[in-house]
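Numbering of ligands and ligand atoms starts at 1, following listing order.
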Amino acid sequence: MPSNIVLATILITTISILAKNAISLQFREAPKFYNSVKCPSITRRSAAANICYNNAIHVAMTLDAAYRRGSMAAILSVLQHSSCPENIIFHFVVSSSANATHLRRTLSNSYPYLRFDIYPFDDSATAGLISTSIRAALDCPLNYARNYLADLLPTCIQKIVYLDSDLVLVDDIEKLAATPLINDAVLAAPEYCNANFTSYFTPTFWSNPSLSLTFANRKPCYFNTGVMVIDLERWRAGECTTKIVEWMELQKRMRIYELGSLPPFLLVFAGNIAPVDHRWNQHGLGGDNFRGLCRDLHPGPVSLLHWSGKGKPWVRLDSNRPCPLDALWAPYDLLQTPYIIES
Ligand SMILES: *[C@@H]1O[C@H](CO)[C@@H](O)[C@H](O)[C@H]1NC(C)=O
Ligand SMILES: *[C@@H]1O[C@H](CO)[C@@H](O)[C@H](O)[C@H]1NC(C)=O
């Protein structure tokens with residue numbers, strides 16, 4: 001394996017230098033995955049919408065240029081570990097400036113049996129709301145698409161599992177999707193009450209009672225927005241998109257936080273979310289945002305590996321400087337190597 005990677009890396013590096021923007025990634029075809037006999041049959045709810053099914057598991061992801069290889073791998077990991085893969089319906093949010101026909105074809109080539117739909121997201125809707133943050137990648141508008149899922153997806157979809165593109169599942173997504181949204185919670189995610197919650201907001205925020213009182217009467221804890229189970233009906237009823245956007249608008253006028261899309265979620269939901277076992281978001285495997293050091297797993301069982309942080313496994317594998325855990329991502333990589341160049 002290592003010598004193949006070395007050769008591929010040399011080739012890839014050369015090609016990227018020669019033809020930086022002419023490369024169109026080509027992906028292999030994934031095998032077909034079948035339902036086990038115990039799976040409920042999914043039934044179409046209306047003749048019009050080809051994605052409105054009862055008993056289906058709905059999964060939302062973004063599909064942007066920089067993370068496409070990650071998304072393709074994440075899909076494979078979801079299907080491979082699912083006991084009812086044919087009951088999973090994917091919802092991909094893409095930039096409205098991307099070629100949706102090309103993306104649809106890319107998905108269908110690798111996943112001929114996949115049920116999915118594509119939702120163009122108007123980046124300009126958020127462009128004016130995004131403040132600069134410590135890492136340019138966080139300012140990618142598709143990073144904010146998760147705020148708008150309830151508006152983008154058809155109302156027949158009541159519940160969704162949202163997944164970032166830099167992760168792989170090693171367990172059945174059905175278990176995650178079945179998370180009870182107790183106490184009328186809008187969303188469920190693993191919570192981290194030992195994290196220093198204060199540090200996610202600026203002194204300007206904490207010193208202004210009319211702002212910081214938003215956390216009165218709740219015990220806010222940090223949660224990572226890369227893995228969430230969202231009740232879209234409750235989200236719509238609670239006008240959560242509007243609440244998030246209001247905080248983003250305030251951020252443009254006075255700096256109340258430093259990071260990108262996460263803090264508005266914390267402002268609206270922290271302390272009021274339903275818990276999910278930490279095994280469903282073993283995050284931080286990308287390393288820290290400054291030095292890109294390798295990170296180890298947190299103690300405990302693992303159902304989902306998440307390369308949040310600066311380093312991405314496909315970049316490190318290509319450059320032949322992988323972190324040890326990147327070897328767990330590699331089996332899900334569908335990229336054709338050597339790269340095929342489309343002009
Ligand atoms: C979009 O992609 C399709 C399929 O790859 C291609 O035929 C078409 O020319 C592309 N359109 C544009 C505007 O690039
Ligand atoms: C938490 O973060 C704040 C602001 O960054 C800092 O002032 C405070 O000392 C931290 N608390 C702990 C317990 O580390």
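For atom 14 (O) of ligand 2, a protein non-hydrogen atom is found at a distance below 4.0 Å.
Of all protein heavy atoms, the one lying nearest to atom 7 (O) of ligand 1 is R105 NH1, 4.4 Å. The protein heavy-atom contact nearest to atom 11 (N) of ligand 2 is N196 ND2, 2.9 Å. Looking only at protein heavy atoms, the nearest one to atom 5 (O) of ligand 2 is S199 CB, 3.7 Å.
Checked against the 6.0 Å centroid threshold, Y192 and H298 do not count as a close aromatic pair.
For ligand 1, the polar-atom distance check finds an N/O of H102 within less than 3.5 Å of one of the ligand's N/O atoms.
The residue among L103, T101, N99, T106 with a heavy atom at the shortest distance from atom 8 (C) of ligand 1 is N99.
With no hydrogens or angles considered, no side-chain donor-acceptor pair links N87 and N55 at under 3.5 Å. Remark: the W307 side chain and the D326 side chain contain an N/O donor-acceptor pair separated by less than 3.5 Å.
Exactly one of H81, R279, H278 qualifies for a side-chain hydrogen bond (donor to acceptor under 3.5 Å, both in side chains) with S303. That residue is R279.
A salt bridge links D117 to R104: at least one charged side-chain nitrogen sits closer than 4.0 Å to a carboxylate oxygen.
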